[in-house]
Amino acid sequence: MVEALKKNGKIDRKGPVVLVIMDGVGFGKYKDGDAVAAAMTKHLDSLYAAYPWTKLKAHGLAVGLPSDADMGNSEVGHNAMGCGRVFHQGAALVSESIQSGKIFQGKTWQNLVENVKESGGTLHFIGLLSDGNVHSHIDHLKAMVLEAKKEGVRKVRVHALLDGRDVGEMSALDYFDPFADFLSQLCDDSFDACIASGGGRMVITMDRYNANWDMVRKGWETHVLGEGRQFDNAHDAITTLREETGAIDQDLPPFVIAKDGKPVGTINDGDSVILFNFRGDRALEITKAFEAEDFTEFDRKRHPKVQYAGMMEYDGDLHVPRQYLVDPPSIDRTMAEYLCASGVRQFSISETQKFGHVTYFFNGNRTGKFDEKLEDYVEIPSDIVPFEQRPWMKCAEIADRVIAEVESGKWDFIKLNFPNGDMVGHTGVFEAVVCSMEGMDIQIGRIWEAVKAAGGIMVVTADHGNADDMYEHGKDGSLKKRADGEPKSKTSHSLNPVPCIICDADYKGEYSKDLKEGLGISSIAATCMTLLGFVPPADYDPSVVTLE
């Protein structure tokens, strides 16, 4: 339980504070592919011109991810906005879960272990073998291998990718040799563990953004089918391939470890597979190869029936993978809980695709309401069609209901999520994303007219970027093109900042119009509390508005 918030004695509006979350809408870095900038958004443009706004960070360290190379996502974004603070995600969260033993007590770990114990199959680990701590950490893998032996798993195979990117470019043997010794020392009459395959991370398995599915095909054939050049051990494979190719670690060709001409670690029916990378961008495609029944990216030749899990949930929008080892962070004292303790009446709405984000994730991964008398949740059923065919999605229906609730005078705080920028953004269809932005813009204009008439305040923001970065670009900023000369589509989130606009027609000088800069989206909670007339908790990240 939390205590009621104190009044700040400055801001008092007769209408509600309305938080509009434009899912997947940021400020693009490049003109080419920025569907937000390309869209005709006269209502948003007028808000930017008339009211104070700032840019907020929505990725990397600002939302609790391991580094600023990590894209934000809807789950961590809504976590950050809803709880007003940054909780560990990714590497730190995995380490904490292992240290506490929580990872091994979870249903997913137990499912995978019991599966191979019952089937007599093999527990496979696939991932980047280094301590770079950007995609994975070797200590996480070691802990899981030790636990597997402790729990009676009899056979473990590791499919190890060479790093050379987040660590020294020729440092692979610094990891592979000691790790091979580690596995060898664990082996006895009841436990058999070894490295089964490998290859450079930029050659096999770890493609991202659907840029080169041939990498994933090579990984599948290497890890799953055991097809490829054979070696007695990983050390010989690495030294031989280095000498022959002159390549650095990340670019080494794939290899298969074999005994008497037979691969030691093919993946078969009844086995369990763990992708121990925790970062999502380079984990999604190999995950799809394991999980998708209707798969057309390449010929898998054989699709073994296995229990598959990722280290984490790599895409919360699409709920990929179906099983993962480390749960979202344990979050307490969220904004919704504080507002309920303070008697604030709250209304939350989105369509199916993002309903859980504006409720469950916003409330700190908590199911249900804090106070049935003070809160109401409404879910508008999403269309079950490809989003590029209905890019406006349900934004009009959401706006209709929000306007009715604003006019009713029943609520002090209303929050809504327009999924368009993210869900249509994931399709990679530029024209559809432009359409989605224009449809959403019309509804934002309608909502603002209602909020203004009611004497309220509207805060417009986003959880991460996506629609702002729809084309692939090279490191030098050049536009990547397909063989037919058209731009290469990008379907992932972006690293771009997102807006925060404070729309307040009844402004009376209570706060500075010079909004704070350099903050993350976790500042949204304190911002909304301040605009509602309260003093935010002392440990919340600061509001973008400063009281005068």
Side-chain angles (χ1 to χ4, degrees), residues 21 23-24 26 56-100 102-103 106 108-109 127-128 131-137 139-140 143 166 208 274-284 287 309-321 323-335 354 356-358 360-366 422 462-466 492-498 519-525 539-541:
I21 301 169
D23 212 295
L56 300 177
K57 299 174 184 176
H59 74 286
L61 298 174
V63 289
L65 296 170
S67 78
D68 281 335
D70 295 308
M71 298 175 293
N73 60 61
S74 297
E75 293 69 46
V76 301
H78 284 77
N79 280 169
M81 285 190 285
C83 73
R85 293 154 288 155
V86 177
F87 282 76
H88 283 159
Q89 311 276 354
L93 196 60
V94 173
S95 295
E96 291 169 0
S97 185
I98 288 174
Q99 290 167 7
S100 68
K102 186 176 180 181
I103 188 173
T108 297
W109 174 264
L128 196 62
D131 58 3
N133 214 34
V134 174
H135 291 269
S136 68
H137 200 293
D139 288 349
H140 299 162
D166 301 321
R208 65 175 176 182
I274 293 173
L275 182 61
F276 65 88
N277 287 3
F278 48 73
R279 178 168 156 176
D281 57 348
R282 294 190 182 275
L284 288 169
T287 295
M311 181 64 87
M312 305 193 76
E313 188 175 35
Y314 300 130
D315 190 324
D317 299 333
L318 303 177
H319 301 295
V320 174
Q323 295 188 98
Y324 48 94
L325 292 169
V326 178
D327 291 329
S330 178
I331 298 172
D332 62 356
R333 300 189 297 111
T334 64
M335 176 170 68
K354 296 293 180 177
H357 294 79
V358 80
Y360 173 83
F361 290 108
F362 203 94
N363 291 344
N365 308 322
R366 182 185 186 277
D422 195 39
D463 55 346
H464 58 77
N466 186 339
S492 64
H493 299 167
S494 75
L495 299 174
N496 295 326
V498 301
L519 300 178
I521 54 175
S522 55
S523 65
I524 289 296
D539 64 341
Y540 266 37
D541 290 336

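Just so it is clear, the model here is predicted, and its values are computed rather than measured.
- The residue from Asn133, Leu325, Leu65 that alone fulfils the side-chain contact (heavy atoms from CB on, under 4.5 Å) condition with Phe278 is Asn133.
- When all heavy atoms are compared, the tightest approach of Ala525 to Met81 is CB-O, 3.3 Å.
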Apply side-chain contact (heavy atoms from CB on, under 4.5 Å) to His140 and Ile103, showing your working. CA-CA 11 Å; His140 299 162; Ile103 188 173; over 6 Å; no
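- One finds a salt bridge joining Asp332 and Arg85 here, because a Lys/Arg side-chain nitrogen approaches an Asp/Glu carboxylate oxygen to under 4.0 Å.
- Summarising the geometry, atom CG belonging to Asp541 is positioned 11.5 Å from atom CD1 belonging to Ile524; distances are rounded to the nearest 0.5 Å.
- Side chains of Thr334 and Asn363: a donor-acceptor N/O pair is absent below 3.5 angstrom, by distance only.
- Between the side chain of Ser97 and the backbone N or O of Lys102, no donor-acceptor pair lies under 3.5 Å.
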Starting from the C-alpha separation in whole Å, work towards a yes-or-no answer on side-chain contact (heavy atoms from CB on, under 4.5 Å) for Met71 and Ser492. CA-CA 9 Å; Met71 298 175 293; Ser492 64; 3.9 Å; yes
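- For the pair Val498 and Ala462, the tightest heavy-atom approach, listed with the atom from each and the gap, is CG2-O, 3.5 Å.
- Taking CE from Met311 and NE2 from His137, the interatomic distance works out to 11.5 Å, rounded to the nearest 0.5 Å.
- Of all non-hydrogen atoms in His357 and His78, the two that sit nearest each other are O-CD2, 3.2 Å.
- Ring-plane geometry between His464 and His493 is classed as parallel, the angle between the planes falling under 30 degrees on a 0 to 90 degree scale with a further cut at 60.
- Distance SG/Cys83 to OH/Tyr540: 6.5 Å, rounded to 0.5 Å.
- Distance check: Ile98 CD1 to Asp139 CG gives 8.5 Å after rounding to the nearest 0.5 Å.
- No side-chain donor-acceptor contact under 3.5 Å links Ser522 to the backbone of Val86.
- Side chain of Asp463 to backbone of Gly24: a donor-acceptor contact under 3.5 angstrom is found.
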Go through the steps to decide whether Asn79 and Asn365 satisfy the test side-chain hydrogen bond (donor to acceptor under 3.5 Å, both in side chains), and finish with yes or no. CA-CA 7 Å; Asn79 280 169; Asn365 308 322; 3.1 Å; yes
Can Val134 and Arg279 be said to form a side-chain contact (heavy atoms from CB on, under 4.5 Å), step by step? CA-CA 7 Å; Val134 174; Arg279 178 168 156 176; 3.2 Å; yes
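- The two atoms that bring Gly280 and Tyr314 nearest to each other are CA-CD2, 3.6 Å, heavy atoms only.
- Separating the CG atom in Asp68 from the NZ atom in Lys57 is a distance of 7.0 Å, to the nearest 0.5 Å.
- When all heavy atoms of Pro321 and Thr287 are compared, the closest pair comes out as CB-CG2, 3.7 Å.
- Side-chain atoms of Arg282 do not come within 3.5 Å of backbone N or O of Asn277 as any donor-acceptor pair.
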Yes or no on side-chain contact (heavy atoms from CB on, under 4.5 Å) for Gln89 and Asp70, after CA distance, side-chain angles and deciding distance? CA-CA 11 Å; Gln89 311 276 354; Asp70 295 308; over 6 Å; no
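- Nearest heavy-atom pair, Ala91 versus Pro66, reported as atom, atom and distance to 0.1 Å: N-CG, 3.5 Å.
- The NE2 atom of His319 sits 6.5 Å away from atom CD of Glu313, with the distance rounded to the nearest 0.5 Å.
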